[in-house]
Amino acid sequence: MLSQLKILDFSTLLPGPFATMVLADLGAEVLRIESPSRIDLNRINPPFVDEKGTTSFSHAYLNRNKRSLALDLKDRKGIEIIERLIDTYDIVLEQFRPGVMDRLGLSYEHLSSINPSLIYCSLTGYGQSGPWAERVGHDINYLSLAGIMSYSGRKEQGPGLMGIQVADVGSGSNNTVMAILAAVIYRMTSGKGQHIDVAMVDGLFPYHAVAALRELYDAQECSYETEVLNGGSLYDFYETADGRYIAFGGLEPQFFEAFCTVLGLDDMVEGSVLQFECLQQSKQRIGEIIRTRTMEEWIDMFSGIDGCVEPVLTFREAVATDHAMSREIVVQVPGPNGKKIPQIAHPVKYSSYVPQYRKSGGAVGEDTREILRSFGYDDAAIDALKAKGLFGDVPV
């Protein structure tokens with residue numbers, strides 16, 4: 001579907017590699033430019049898919065369908081190779097701090113002078129401008145500075161750590177994919193490329209759409225357990241007799257009524273999930289009833305009833321459900337030596353395209369010689385560059 005797109009990927013860790021994996025699943029040709037000396041930490045994050053412990057599960061997943069070219073970008077010869085590639089690979093994704101690509105001689109201004117239709121995406125925590133541009137950070141920092149953690153948690157404990165990377169993937173990766181495809185459409189009509197500035201903090205502000213956005217209109221400030229969806233209503237998690245949890249999300253009256261009926265709370269049927277005046281008392285009553293049965297017993301009782309009640313599943317349980325199986329959430333992808341390994345599938349179904357899972361992420365620089373040959377370098381020239389250390393200790 002995106003076979004016409006050719007991307008040079010200079011990113012590491014999670015946000016950039018996830019974005020280019022999504023594009024590669026859709027047919028884009030993605031070539032990773034990897035340092036032969038500074039290893040991507042994803043490569044050494046256990047567990048490993050091979051017996052030698054050289055390819056981690058996270059690397060094999062995030063770099064699915066991609067090729068790898070090992071280059072020392074501090075060597076002018078490495079920059080010359082990028083300059084030759086840029087005529088064909090006309091989309092660049094980089095994830096360095098602002099100014100790093102400039103110092104390497106790979107700025108947007110320089111590369112777009114070689115190819116004016118170049119789409120050049122810079123993905124960072126705080127963007128290419130502003131007083132925070134040079135700061136370091138990770139998901140927890142971005143969520144905090146965007147104001148999200150000021151009302152995501154509990155009154156007694158404060159902000160709650162999430163087990164997923166909302167800023168990295170939800171903001172960084174997804175906005176990168178969206179922005180690159182928007183720039184491609186613009187180029188199709190104008191013939192012009194452009195520099196895209198994706199900041200993970202910026203991308204988190206739209207997540208305030210339900211609760212905090214109204215503060216722009218002088219509404220009361222959000223805090224912990226004060227909003228409908230953050231614990232300030234009966235929309236919540238409830239512990240069961242076996243130490244598991246069920247989730248109740250019945251905001252609409254008919255769902256709330258069904259929930260109360262199953263629990264035997266007849267006096268609450270005419271009420272609402274938004275019971276702010278007696279919220280704690282209502283939650284306590286519900287909690288006491290929920291703790292009388294196991295999670296499985298409650299799910300059986302709510303089976304076939306539209307009450308918006310679901311179990312809090314572990315990941316292993318979630319991917320093993322009949323629904324996940326029917327939706328093919330897990331796919332088998334050729335790993336090292338062709339051995340199939342399980343990975344999470346591309347998340348969207350298309351009526352005219354089936355995402356491809358050709359290979360998992362491989363060794364650093366494993367495609368270096370093949371790539372250079374395709375751009376006119378003969379074996380003698382490649383061996384000479386290797387002798388000068390351009391590829392480090394990577395076998396080429």
Side-chain angles (χ1 to χ4, degrees), residues 6-21 23-24 28-45 48-50 52-97 100-101 103-106 110-111 114 120-121 123 334-337 358-396:
K6 300 186 72 172
I7 304 168
L8 287 184
D9 182 1
F10 292 85
S11 67
T12 60
L13 298 176
L14 178 59
F18 191 99
T20 52
M21 177 192 67
L23 296 169
E29 183 177 331
V30 178
L31 176 59
R32 293 197 72 203
I33 307 301
E34 297 197 75
S35 168
S37 57
R38 292 188 62 182
I39 195 74
D40 182 350
L41 294 180
N42 271 324
R43 288 186 171 277
I44 56 175
N45 180 29
F48 297 93
V49 302
D50 61 333
K52 295 180 180 180
T54 58
T55 304
S56 73
F57 267 91
S58 57
H59 165 74
Y61 169 60
L62 291 170
N63 294 291
R64 182 167 69 205
N65 294 331
K66 304 175 190 177
R67 295 194 292 173
S68 173
L69 172 62
L71 285 179
D72 180 358
L73 294 179
K74 295 181 180 180
D75 188 316
R76 178 57 199 169
K77 292 293 184 182
I79 303 304
E80 290 175 1
I81 290 174
I82 299 299
E83 291 170 342
R84 292 181 66 170
L85 290 172
I86 214 67
D87 275 335
T88 301
Y89 288 85
D90 55 2
I91 300 173
V92 163
L93 172 62
E94 62 94 1
Q95 196 181 299
F96 297 110
R97 278 207 241 184
V100 172
M101 288 289 275
R103 292 192 292 273
L104 290 172
L106 295 172
H110 174 58
L111 294 183
I114 299 172
Y120 187 110
C121 183
L123 169 58
N337 301 319
R358 298 180 295 277
K359 62 183 285 292
S360 66
V364 176
E366 65 180 4
D367 305 293
T368 299
R369 187 172 292 270
E370 176 189 351
I371 294 294
L372 295 183
R373 280 174 175 167
S374 70
F375 280 85
Y377 291 85
D378 59 26
D379 285 338
I382 296 171
D383 290 339
L385 292 172
K386 177 172 175 55
K388 293 180 179 179
L390 186 61
F391 316 123
D393 296 328
V394 172
V396 173

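Below, each value reflects all heavy atoms present in this structure, side chains not excepted, and no hydrogens, waters or symmetry copies.
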Fill in: Sub-4.5 Å side-chain heavy-atom contact between I33 and I82
yes
Worksheet item: Using 4.0 Å as the upper bound for N to carboxylate O, is an ion pair formed by D72 and K77?
Response: no
Practice prompt. Not counting sequence neighbours, which residues clear side chain to side chain contact (heavy atoms under 4.5 Å, CB included) with E29? List them please.
Written response: K6, R67, Y89
Side-chain donor/acceptor pairs under 3.5 Å, residues 12-21, sequence neighbours excluded:
| from | atom 1 | to | atom 2 | distance (Å) |
| --- | --- | --- | --- | --- |
| T20 | OG1 | D9 | OD2 | 2.7 |
| T20 | OG1 | G16 | O | 3.3 |
| T20 | OG1 | P17 | O | 3.2 |
| T20 | OG1 | K66 | NZ | 2.7 |

Worksheet item: Please walk me through it: do Y120 and L111 pass side-chain contact (heavy atoms from CB on, under 4.5 Å)?
Response: CA-CA 9 Å; Y120 187 110; L111 294 183; 3.9 Å; yes
Fill in: Nearest-0.5 Å distance that lies between atom SG in C121 and atom CG in L93
5.5 Å
Worksheet item: Considering all heavy atoms of both residues, which atom of G78 and which atom of L390 are nearest to each other, and what is their separation?
Response: N-CD1, 3.5 Å
Fill in: Non-neighbouring partners of E366 that pass salt bridge (Lys or Arg N to Asp or Glu O under 4.0 Å), sequence neighbours left out
K359
Discussion item. Checking the side chain of S56 only, and the main-chain atoms of N42 only, is there a donor and an acceptor separated by less than 3.5 Å?
Written reply: yes
Worksheet item: Should E34 and F10 count as side-chain neighbours, where that means a heavy-atom distance under 4.5 Å?
Response: no
Fill in: Student check: side-chain heavy atoms of P336 and V49 closer than 4.5 Å
yes
Fill in: Nearest non-hydrogen partners of A24 and R358, listed with the distance
O-NH2, 3.9 Å
Discussion item. Within this structure, what is the CD1-CD1 distance for the pair I81 and I371, rounded to the nearest 0.5 Å?
Written reply: 11.0 Å
Practice prompt. Check step by step if side-chain contact (heavy atoms from CB on, under 4.5 Å) holds for L85 and L8.
Written response: CA-CA 9 Å; L85 290 172; L8 287 184; 4.1 Å; yes
Worksheet item: Has the side chain of R84 got a donor or acceptor atom that lies under 3.5 Å from a matching backbone atom of F375?
Response: yes
Worksheet item: So how far is it from I44 CD1 to I39 CD1, rounded to the nearest 0.5 Å?
Response: 7.0 Å
Worksheet entry | Atom pair OG1 (T368) and CG (L71), whose distance is rounded to the nearest 0.5 Å | 6.5 Å
Discussion item. I need the L31 CG to S68 OG distance, nearest 0.5 Å.
Written reply: 7.5 Å
Fill in: Separation of L385 CG from L372 CG (nearest 0.5 Å)
7.5 Å
Discussion item. Under the criterion side-chain contact (heavy atoms from CB on, under 4.5 Å), I'd like the reasoning laid out for Y377 against D383: C-alpha separation, chi angles, the key distance, then a yes or no.
Written reply: CA-CA 10 Å; Y377 291 85; D383 290 339; over 6 Å; no
Discussion item. Which residues pass the side chain to side chain contact (heavy atoms under 4.5 Å, CB included) test with K386, not counting sequence neighbours?
Written reply: F391, V396
Worksheet item: Any idea which heavy atoms bring A70 and P36 closest together, and the distance?
Response: CB-CB, 4.5 Å
Worksheet item: With respect to R373, which candidate in D367, D378, D379 satisfies the salt bridge (Lys or Arg N to Asp or Glu O under 4.0 Å) definition?
Response: D379
Discussion item. Please determine whether side-chain contact (heavy atoms from CB on, under 4.5 Å) holds for the pair V100 and L104, giving the CA-CA distance in whole Å, both sets of side-chain angles, and the decisive distance to 0.1 Å.
Written reply: CA-CA 6 Å; V100 172; L104 290 172; 4.2 Å; yes
Fill in: Donor-acceptor contact present, side-chain H59 to main-chain G362, <3.5 Å
yes
Discussion item. Does D393 have more than 12 heavy atoms from other residues, nucleotides or ligands lying within 6.0 Å of its CG?
Written reply: no
Fill in: All side chain to side chain contact (heavy atoms under 4.5 Å, CB included) counterparts of E83, not counting sequence neighbours
R76, I79, E80, H110, I114
Response to the item:
Taken in chain and number order and not counting sequence neighbours, the residues that satisfy side chain to side chain contact (heavy atoms under 4.5 Å, CB included) with A384 are none
Worksheet item: Does V364 offer a backbone N or O that forms a donor-acceptor pair with the side chain of R32 under 3.5 Å?
Response: no
Discussion item. Any non-hydrogen side-chain atom of I86 less than 4.5 Å from a side-chain atom of V92?
Written reply: yes
